[in-house]
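In what follows, a structure is listed as structure tokens, so that the remarks can point back to it.
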Amino acid sequence: MVLGVTGGSGCGKSVFCRELAKFGAFLVDADQVARWVVEPQRPALSEIVHAFGEEFLQKNGELDRKRLGALVFSNPQKLHILNQITHKYIIEEIKKQLSERKSQFSIVDAAVLFESGLSALCDRTLCVLAEPAVRKQRIMQRDGLTEESAMARICAQQPDSFYLERADDVIWNNGTGEELCAQAKKYWMQLEKKCD
């Protein structure tokens, strides 16, 4: 069984996924894959440089992720271009990892699960959601962003309704980390029952 987990920045989807992985699920983190596909010498990076310019490279030849992020999160057209470049490489690598898995359960942790087409690889989908004020605080603490930058990131992402219309299951995460871990354990037990 492949479970796709999604949700906006600051919702806690990655924490939820890591908790599920503790129960034996094989975890594929689309963010880690996305970082890997843009490493120097990989085709995605040369496509990004061609589309956006060499000013988005650091002196060591690596992608300046912070600078590119600032651009694409404030410009939907630029974000679309970046996604068109990277998604095909990310999907290819995730398919490869899923085909090599050893576990009965696999989880794909992906912010753009539906937009990228990754949901087609999943048997079930789940979204982790949280109130905007909660998300803003988490993003500011985690990434060291200003309130304005954190809100710009939230506004550049899909509204809750987008996830609610598409996901099979929903977890609300407006509380503590301990509460989220308890929800993950409960959800895992439900998944095991569905697969028995």
Does the side chain of Gln58 come under 3.5 Å of the side chain of Arg65 through a donor N or O and an acceptor N or O?
-> no
Which side-chain hydrogen bond (donor to acceptor under 3.5 Å, both in side chains) pairs, counting each pair once, include a residue from residues 109-127, with sequence neighbours left out?
-> Lys13-Asp109, Ser14-Asp109, Glu115-Gln158, Arg124-Asp169, Thr125-Asp168
Gln183 and Glu179: side chain donor to acceptor below 3.5 Å | no
Check whether NZ of the Lys or CZ of the Arg Arg101 lies under 6.0 Å from the centre of the six-membered ring of Phe26 and within 45 degrees of that ring's axis.
-> no
Can you get from Leu27 to Leu126 by hopping between Ile, Leu, Val, Met, Phe, Trp and Tyr side chains that sit under 4.5 Å apart?
-> yes
Evaluate whether atom CD of Gln190 has more than 12 neighbouring non-hydrogen atoms of other residues, nucleotides or ligands under 6.0 angstrom away.
-> yes
Between Lys95 and Glu92, is there a side-chain N and carboxylate O pair less than 4.0 Å apart?
-> no
With the threshold set at 4.0 Å, does a side-chain nitrogen-carboxylate oxygen contact exist between Lys136 and Glu147?
-> yes
Are any of the side-chain heavy atoms of Lys185 and Trp188 separated by less than 4.5 Å?
-> no
For Arg142 and Ser9, does a side-chain donor sit closer than 3.5 Å to a side-chain acceptor?
-> yes
Is it the case that one hydrophobic cluster holds both Leu129 and Leu113, taking links as side-chain heavy atoms less than 4.5 Å apart, direct or via other members?
-> yes
Donor-acceptor contact below 3.5 Å, side chain Thr6 vs main chain Ala111 | yes
Any ion pair linking Asp143 and Arg153 (charged N to carboxylate O, less than 4.0 Å)?
-> yes
Side chain proximity check, Phe52 to Leu71, heavy atoms < 4.5 angstrom | yes
Please report the shortest heavy-atom distance between Gly24 and Ser103, naming the atom on each side.
-> O-OG, 2.9 Å
Passes side chain to side chain contact (heavy atoms under 4.5 Å, CB included), Leu3 versus Val108? Steps please.
-> CA-CA 6 Å; Leu3 173 71; Val108 176; over 6 Å; no
Only residue of Ile48, Ile90, Ile85 satisfying side chain to side chain contact (heavy atoms under 4.5 Å, CB included) with Val37 is Ile90
May I ask you to test the Tyr163-Val170 pair for a side-chain heavy-atom distance under 4.5 Å?
-> no
Taking the side chain as every heavy atom from C-beta outward, state whether Leu98 and Val28 have any pair of such atoms under 4.5 Å apart.
-> yes
Path from Phe105 to Leu20 over hydrophobic side-chain contacts below 4.5 Å | yes
Nearest heavy atoms of Leu45 and Gly61, plus distance in Å | CD2-O, 3.6 Å
Validation row: His87, Val112 side chains within 4.5 angstrom (heavy atoms) | yes
Cluster overlap Trp172 with Ile139, hydrophobic side-chain contacts below 4.5 Å = no
Output yes when a side-chain donor or acceptor of Arg135 lies under 3.5 Å from a complementary backbone atom of Gly10, and no otherwise.
-> no
For the atom pair CE (Met151) and CG (Leu145), what is the distance rounded to the nearest 0.5 Å?
-> 12.5 Å
Gap between atom CG of Leu57 and atom CZ of Arg67 - 0.5 Å precision | 10.0 Å
Spacing of Gln157 atom CD and Leu79 atom CG [to the nearest 0.5 Å] = 9.0 Å
Above 12 or not: heavy atoms from other molecules or residues under 6.0 Å from CD of Glu148?
-> no
For Ser74 and Ala70 the tightest heavy-atom approach is OG-O, 3.0 Å
More than 12 non-hydrogen atoms from neighbouring residues, nucleotides or ligands closer than 6.0 Å to NZ on Lys88, yes or no?
-> yes
Check whether any side-chain heavy atom of Ile94 sits under 4.5 Å from a side-chain heavy atom of Leu121, and report yes or no.
-> yes
Interatomic spacing from NZ in Lys66 to CG in Asp64 - rounded to 0.5 Å = 9.5 Å
Out of curiosity, Asp29 CG to Gln97 CD, how far, rounded to the nearest 0.5 Å?
-> 9.5 Å
Pairwise distance OG1(Thr86) to CD1(Ile81) - rounded to 0.5 angstrom | 12.0 Å
Would you indicate whether Glu54, at its atom CD, is surrounded by more than 12 heavy atoms from other residues, nucleotides or ligands within a distance under 6.0 Å?
-> no
Asp31 and Arg35, any side-chain heavy atoms less than 4.5 Å apart | yes
Could you tell me whether Tyr89 and Trp36 have their ring centroids closer than 6.0 angstrom?
-> no
Co-membership, hydrophobic cluster, residues Val134 and Leu180, 4.5 Å side-chain | no
Ala130 and Cys11: which non-hydrogen atoms are nearest, and at how many Å?
-> N-SG, 3.5 Å
